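These notes concern the structure reproduced below.
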Amino acid sequence: MAAMAKVILPGGEAIEARGVSFLELLGPRAKEAAGALWNGQLLDLREPVPPEGEVRILGLRDPAALEVLRHTAAHVLAHAVTRLFPGTKLAIGPAIADGFYYDFLFPNPISHEDLPRIEEEMRKIVAEDLPLERVWLSRSEAERLLRERGEDYKLELLGEIPGEKISFYRQGDFLDLCRGPHLPSTGLVKHFKLLDLAGAYWRGDPNRDMLTRIYGTAFPTQEELERYLRWREEARRRDHRTLGPQLDLFSIQNDTIGAGLVLWHPKGARVRRLIEDFWVAEHYKAGYQLVYTPHIGRSRLWQTSGHLDFYRESMYAPIAVEGQEFFLKPMNCPFHIAIYKTKTRSYRELPIRYCELGTVYRFERSGVLHGLLRVRGFTQDDAHIICRPDQVEEEIRNVLRFALFVLRSFGFTEFTAYLSTRPEKFIGNPEDWERATEALRKAVEGEGLSYEVKAGEGAFYGPKIDLEVQDSLKRPWQLTTVQFDFNLPERFDMTFIGPDGREHRPYMIHRALLGSLERFFGILIEHYGGAFPVWLAPVQAVVLPVSEGDIPYAEEVAAKLLAEGIRAEAWTREGKTLRWLVREAQIQKIPYILVCGAREAAEGKAALRLRTGEDLGPRPLDEVIARIREAASTRSSGL
RNA sequence: GCCAGUGUAGCUCAAGGGGUAGAGCAUCCGCCUUGUAAGCGGAAGGUUGCCCGUUCGAGUCGGGCCACUGGCUCCA
């Protein structure tokens, strides 16, 4: 009895099959199917059912089918483009996390205004419900075909495909070199949208052609597509570059100050100060010592550190003074090392943990600057831990725990860790790498974090752990980095005297928890949508008089709150109605609005309205004060 | 740095295919005395990102810079 494969349909029904293709097996049910999963491999439905084993048919709504759907959507896009813009050369068109894209070389530039036309043409192709056929060509046929059509990029790809039988997919008059899999027909790509247009280098290489990339997304249902578009809209609404000026937090003035240089306005500075105070207090508690170091240093320092050899293109030009050259610091490490080296260190002193909110300057190409998230001058929440080899494991564990505590305090609850291991080119000895990598791995596992190993992705000077958080919109941000350095201790000849009376080389660990204050602030603004939790809100409470006669009482209430350590303001501007003031306070996302009129004044109360819009009515002042202090001291996200 | 797009008042945006810039909000001045998301009227505010050029005439057309947006590349 020959072996049979067990084919499980989306509904759970199982069929034994042998010697047929999936399409034949499924018949009309193929209209609801996107592909087949066999031993973790995605199979095309046109292929024969494998001889044995278990195969799961993916329904259109199956998350694993999304990739197939989007890949087919990319083909529909390419098809539409070839119809509308003859002479366009095709490059590649894969599915990506949020959708798909296709790279083209257009004979003439196109712009955003062309997207609706292309989308319209795509809808026609979907309405035509063209079946996608898989076509196998011999290598020479494939080459001739692509050459005839002038598909230079595809020819290059062909050269890298092994084997003699080359897979193409055909839908109507459109034929594309492609490994698949694809949906059975274009009619199944119903819910899609083109989103963006951007330049992209062929094969990501800046020395090669600049292609035009069209981004789009596709979903199995209209609801999911709409949900995704709403999510994009929400992200746009929370953009820190919009909220920053609107809430008067910061500005970046390229024509007066310079690109990538941030001005922290009073309210933004207030938030930053709160972050810094928390950060410093917790670092002292955790056994760190705060240091301050200058913004510039002599060129010999950067010579020793190796920055002038390896990092110079990211550094600002030298400043010449009295025949010496100084450089703006791109990193704090050399200064911390210099503090370490001011005396002979004993093994008994270690670990030494220097921390600093150190402002550094890096020359970033203008094209990569982005609001607060990518700037040229920024303050790292930096620390360097110098320890003995036998202390490495505990130090790493403590750093990781500390990082998680700090990030959780800012309302982040989802974390992913990335462990980057030794690359091909590295310095130091493999035993040290091994020990360091294992310490990192144990620490992550000990904290129960899910992690991914990025083999060979470590810097040449040491392995590292990065922590990624997810914000309230489920977007990932890499914040914490914990990085071993086997390079700088050598270069600076850092030593400590061991119990044996001899010099030993310490381990050094770089570490930043928030990354930079500028970037972190930008992320926080988006995470909270500008509505900071009470402990971080620049203004925690605003007191609004009902009419001019209530101003004295409003000022008295605000003064009382201030005396209780609450960041409060009385808005007593003439000529503004209560309605106007309430609206303004809501827009400013101030957590507590205290309305004070004659009724409240008579009873020593304030009418409490929350940022959420909830009106709690008149409350005794003491109750309001207790409530605000409680929310602030617990760093709660609630009001 | 590269591709595409954008740059008009403090902010958000208008000005058919070239004919000496307009609105709302904010600001200032009045009036209104206000009870939970914009009360009314008036005034002031611009070398249209910068520099060249075409033209009798440029916000508008051409070139070059600068900056921003979306990406790509980069981020030891």
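The shown structure was predicted, so the numbers you read here are calculated from the model rather than taken from an experiment. In what follows, every chain begins at residue 1, and chains take the letters A, B, ... in the order their sequences are listed.
- Within the nucleic acid shown, G597(A) comes within 4.0 Å of at least one base atom, counting heavy atoms only.
- In this entry C28(B) has G42(B) as its Watson-Crick or G-U wobble partner, both defining distances falling under 3.5 Å.
- Other residues, nucleotides and ligands contribute over 12 non-hydrogen atoms within 6.0 Å of the CZ atom of R208(A).
- At the phosphate of A4(B), neither OP1 nor OP2 sits under 4.0 Å from any side-chain N or O atom of T212(A).
- A donor N or O paired with an acceptor N or O is found under 3.5 Å between the base of G1(B) and the side-chain atoms of Y201(A).
- When each of U36(B), U34(B), G70(B) is scored by its nearest atom to the side-chain atoms of S547(A), the top-ranked nucleotide is U34(B).
- OP1 or OP2 of C68(B) has not a single side-chain nitrogen or oxygen of H370(A) nearer than 4.0 Å.
- One interatomic measurement links the two molecules: CD1 of I118(A) to P of A4(B), which rounds to 15 Å at whole-angstrom precision.
- Rounded to a whole angstrom, the distance from the P atom of G57(B) to that of G18(B) is 16 Å.
- E600(A) comes within contact range of at least one nucleobase, with a heavy-atom separation under 4.0 Å.
- Distance CG (L369(A)) to P (U73(B)): 17 Å, rounded to an integer number of Å.
- A salt bridge does not link K576(A) with E584(A): every distance from a Lys NZ or Arg NE/NH1/NH2 to an Asp or Glu carboxylate oxygen is 4.0 Å or more.
- In this model, the phosphate group of G35(B) is not approached by any side-chain N or O of R579(A) to a distance below 4.0 Å at OP1 or OP2.
- Of the candidates C72(B), G35(B), U69(B), U69(B) carries the atom nearest the R241(A) side chain, counting heavy atoms from C-beta on.
- Between R232(A) and D196(A) there is a salt bridge, with a side-chain nitrogen of the basic residue lying less than 4.0 Å from a carboxylate oxygen of the acidic one.
- In this structure, R573(A) reaches the sugar-phosphate backbone alone: every heavy-atom distance under 4.0 Å involves primed, P, OP1 or OP2 atoms, never a base.
- R599(A) has no side-chain polar atom (N or O) that falls below the 4.0 Å cut-off from OP1 or OP2 of U36(B).
- Out of A76(B), A26(B), G70(B), the shortest distance to the side chain of K576(A) is found at A26(B).
- Rounded to whole Å, the C1' atom of C50(B) lies 50 Å from the corresponding atom of U33(B).
- With D381(A) contributing its side chain and L357(A) its backbone, the two residues share no donor-acceptor pair below 3.5 Å.
- On the P atoms, A21(B) is 12 Å away from U47(B), given to the nearest whole Å.
- Residue R374(A) places a side-chain atom within donor-acceptor reach of the base of C75(B), judged by atom type and a 3.5 Å distance cut-off alone.
- The same atom, C1', is picked in G16(B) and in G59(B); the two are 15 Å apart, to the nearest Å.
- Across the protein-nucleic acid pair, D550(A) atom CG and U34(B) atom P stand 10 Å apart, rounded to whole Å.
- R583(A) has no side-chain polar atom (N or O) that falls below the 4.0 Å cut-off from OP1 or OP2 of C25(B).
- When each of A259(A) and N487(A) is assigned the nucleotide of RNA chain B bearing its nearest heavy atom, the one mapping closer to the 5' terminus is A259(A).
- Rounded to a whole angstrom, the distance from the C1' atom of C52(B) to that of A58(B) is 13 Å.
- Nucleotides C68(B) and U36(B) have their C1' atoms positioned 39 Å apart, rounded to a whole Å.
- Between W580(A) and the phosphate of U33(B), there is no side-chain N or O to OP1/OP2 separation shorter than 4.0 Å.
- Backbone-only contact: R213(A) has heavy atoms under 4.0 Å from sugar-phosphate atoms and none from a base.
- Using a 4.0 Å heavy-atom distance criterion, Y215(A) is classed as a sugar-phosphate-only contact.
- Remark: side-chain polar atoms of E518(A) are paired, donor with acceptor, to backbone N or O of T379(A) under 3.5 angstrom.
- The nearest whole Å value for the distance from the CZ atom in F106(A) to the P atom in C3(B) is 16 Å.
- When Watson-Crick and G-U wobble pairs are counted only if both distances are under 3.5 Å, A67(B) pairs with U6(B).
- Across all strands shown, U20(B) has no partner, as no Watson-Crick or G-U wobble contact with both distances under 3.5 Å is found.
- Both M210(A) and T577(A) lie near RNA chain B, and the one whose nearest nucleotide falls closer to the 5' end is M210(A).
- Between the side chains of D432(A) and Y507(A), at least one donor N or O sits under 3.5 Å from an acceptor N or O.
- U8(B) and C51(B) are spaced 16 Å apart, taking the P atom of each and rounding to whole Å.
- Here the P atom of nucleotide C72(B) and the CD1 atom of I96(A) are 9 Å apart, to the nearest Å.
- U69(B) and G63(B) are spaced 23 Å apart, taking the C1' atom of each and rounding to whole Å.
- Classification of the F219(A)-Y228(A) ring pair by plane angle, with boundaries at 30° and 60°, yields tilted.
- Donor-acceptor pairing under 3.5 Å, judged by distance alone, is absent between the side chain of E313(A) and the base of G1(B).
- M315(A) comes within contact range of no nucleotide atom at all, as no heavy-atom separation falls under 4.0 Å.
- Of all nucleotides present, none satisfies the Watson-Crick or G-U wobble test against U33(B) with each distance under 3.5 Å.
- Counting only heavy atoms from C-beta on, A198(A) has its side chain closest to G70(B) among G70(B), U34(B), A37(B).
- One can place CD1 of I587(A) at 14 Å from C1' of U36(B), the figure rounded to the nearest angstrom.
- Taking atom CG of L197(A) as the reference point, atom P of A4(B) lies 10 Å away to the nearest angstrom.
- Not one N or O on the side chain of R376(A) forms a donor-acceptor pair closer than 3.5 Å with the backbone of L261(A).
- Whole-Å rounding puts the I252(A) CD1 to U69(B) C1' distance at 13 Å.
- Across the strands present, U60(B) finds no partner; the criterion is a Watson-Crick or G-U wobble pair with both atom distances under 3.5 angstrom.
- Heavy atoms of A585(A) sit nowhere under 4.0 angstrom from any nucleic acid atom.
- Salt bridge annotation for K454(A)-E468(A): absent, with no cationic side-chain nitrogen under 4.0 angstrom from a carboxylate oxygen.
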